[in-house]
Amino acid sequence: MEQYSRLDTRAQSAVQADLVRALDEAAALTGLERAEWARQPQGDQEFAVLPEATPEATVLGPFVHHLAARLAVLNSHRTAATRVRVRLAVDSGVVADAALGHAGPAPVAVARFVNAPQLKAALAAVLSTDLAVILSDRLYQDIVRLGSNDLDPGQYVRAHIRVKEFGGYGWIQVPGHSPEEVRLPVEGTDGPEPAPVTSLLGRETGLALFQNVQEGVAVGRDVTGSVTVGLPPHVRPGGRGRIR
């Protein structure tokens with residue numbers, strides 16, 4: 001939730017209950033069973049792992065639509081200072097139960113995406129909305145770009161996200177608003193484009209190993225496009241040509 005820390009204890013308790021109710025109602029309207037979600041409350045937010053069989057397009061389409069609508073109803077009688085405004089991050093991938101909740105690349109990506117400065121900027125800039133959404137490049141390419149469930153790829157704005165040690169592409173949408181309204185605040189806070197070559201010094205040999213994305217995009221450990229891994233092309237161990 002946006003600007004949660006500005007609230008006093010009583011107000012924080014109230015908006016937590018409101019957010020849970022909005023999520024419950026949106027899931028019910030979408031036909032999703034919240035009782036089957038592995039939910040991890042985190043104060044001003046909730047991390048949830050949905051059943052593996054849940055269609056991603058249902059979450060990105062109808063659930064997002066209903067959540068935006070329920071937040072609008074919830075805030076219709078609230079002042080601007082007490083509105084519940086929400087950032088939603090969605091990814092798919094490996095999740096494992098762990099001692100303090102969940103582990104795996106997807107939970108880490110979701111945590112970084114939801115705190116991305118571009119997503120915060122989009123929500124702050126579009127004052128008439130109560131919801132801003134970001135999804136991973138994996139979901140955009142596999143689900144949205146194919147037009148699943150009437151999802152429109154043109155409604156999303158790409159952003160290069162760098163939060164802590166995480167770097168990757170995300171796609172931002174503000175339901176009910178055009179991408180033009182979102183693009184300016186997103187691009188105004190966009191991080192630098194990732195370097196095409198990542199070098200790693202080989203301690204044993206003193207040679208630099210590299211991963212070169214020739215075409216496409218590298219996000220975390222996921223790469224779209226052709227990749228060359230090995231020694232830099234100009235290095236010729238023992239004078240016997242290139243290693244690729």
Side-chain angles (χ1 to χ4, degrees), residues 1-8 10-35 37 39 41-48 50 54-91 110 113-135 139-140 143-144 148-157 159 170-186 189:
M1 285 183 284
E2 182 186 58
Q3 297 183 1
Y4 173 82
S5 60
R6 78 186 188 282
L7 304 173
D8 60 26
R10 179 178 297 181
Q12 287 180 354
S13 298
V15 297
Q16 284 189 29
D18 287 340
L19 177 58
V20 171
R21 182 164 63 253
L23 290 168
D24 289 345
E25 293 173 350
L29 289 168
T30 308
L32 300 175
E33 183 55 64
R34 283 265 285 166
W37 297 14
R39 297 161 53 188
Q42 299 176 0
D44 65 335
Q45 62 183 299
E46 177 184 281
F47 175 78
L50 279 61
T54 304
E56 292 92 340
T58 299
V59 177
L60 300 178
F63 176 75
V64 166
H65 169 77
H66 288 305
L67 180 57
R70 298 318 299 165
L71 288 171
V73 171
L74 179 70
N75 290 325
S76 60
H77 302 295
R78 289 177 172 269
T79 65
T82 58
R83 284 168 61 192
V84 178
R85 307 185 75 224
V86 176
R87 304 189 306 271
L88 173 66
V90 189
D91 195 6
V110 164
F113 280 136
V114 83
N115 287 306
Q118 295 93 328
L119 186 63
K120 294 180 179 180
L123 185 60
V126 186
L127 297 177
S128 58
T129 191
D130 299 309
L131 178 65
V133 182
I134 184 170
L135 53 142
L139 278 177
Y140 179 84
I143 307 299
V144 176
S148 300
N149 209 22
D150 297 326
L151 295 170
D152 182 2
Q155 291 299 306
Y156 296 79
V157 175
W171 294 83
I172 295 175
Q173 177 206 22
V174 174
H177 294 266
S178 70
E180 286 70 28
E181 296 177 79
V182 179
R183 186 167 287 109
L184 185 60
V186 166
T189 53

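In this structure, OG in Ser76 is found 11.0 Å from CG in Leu71, a value given to the nearest 0.5 Å. Annotation: the span from Met1 atom CE to Arg83 atom CZ amounts to 14.0 Å, rounded to 0.5 Å.
Of all heavy-atom pairs spanning Pro179 and Gly154, the tightest one is CG-O, 3.2 Å. Here the shortest heavy-atom pairing between Val144 and Pro153 reads O-CG, 3.3 Å. Smallest separation of non-hydrogen atoms from Asp91 and Leu139: CA-CD1, 3.6 Å.
The one candidate from Leu131, Ile134, Val114 that meets the side-chain contact (heavy atoms from CB on, under 4.5 Å) condition with Arg87 is Val114.
Counting heavy atoms from C-beta on, the side chains of Arg85 and Thr129 come closer than 4.5 Å. Looking at Arg21 and Leu74, their side chains come closer than 4.5 Å, going by heavy atoms from C-beta outward. Between Thr58 and Phe63 there is no side-chain heavy-atom pair separated by less than 4.5 Å.
Among residues two or more places apart in sequence or in another chain, the salt bridge (Lys or Arg N to Asp or Glu O under 4.0 Å) test is passed with Asp152 by none. Taking the side-chain contact (heavy atoms from CB on, under 4.5 Å) definition, one finds that Val73 meets it with Arg70, sequence neighbours left out. For Asp44, there are no side chain to side chain donor-acceptor pair (under 3.5 Å) partners, not counting sequence neighbours. The side chain to side chain donor-acceptor pair (under 3.5 Å) check on Gln16 picks up Tyr4, with sequence neighbours excluded. Residues satisfying the side chain to side chain donor-acceptor pair (under 3.5 Å) test with Thr82, not counting sequence neighbours, are Thr79. Residues meeting the side chain to side chain donor-acceptor pair (under 3.5 Å) test with Arg183, sequence neighbours left out: none.
For Glu25 and Arg34, the salt-bridge test fails: no basic side-chain N is under 4.0 Å from an acidic carboxylate O.
Between Tyr156 and Trp171, the gap from one ring centroid to the other reaches at least 6.0 Å.
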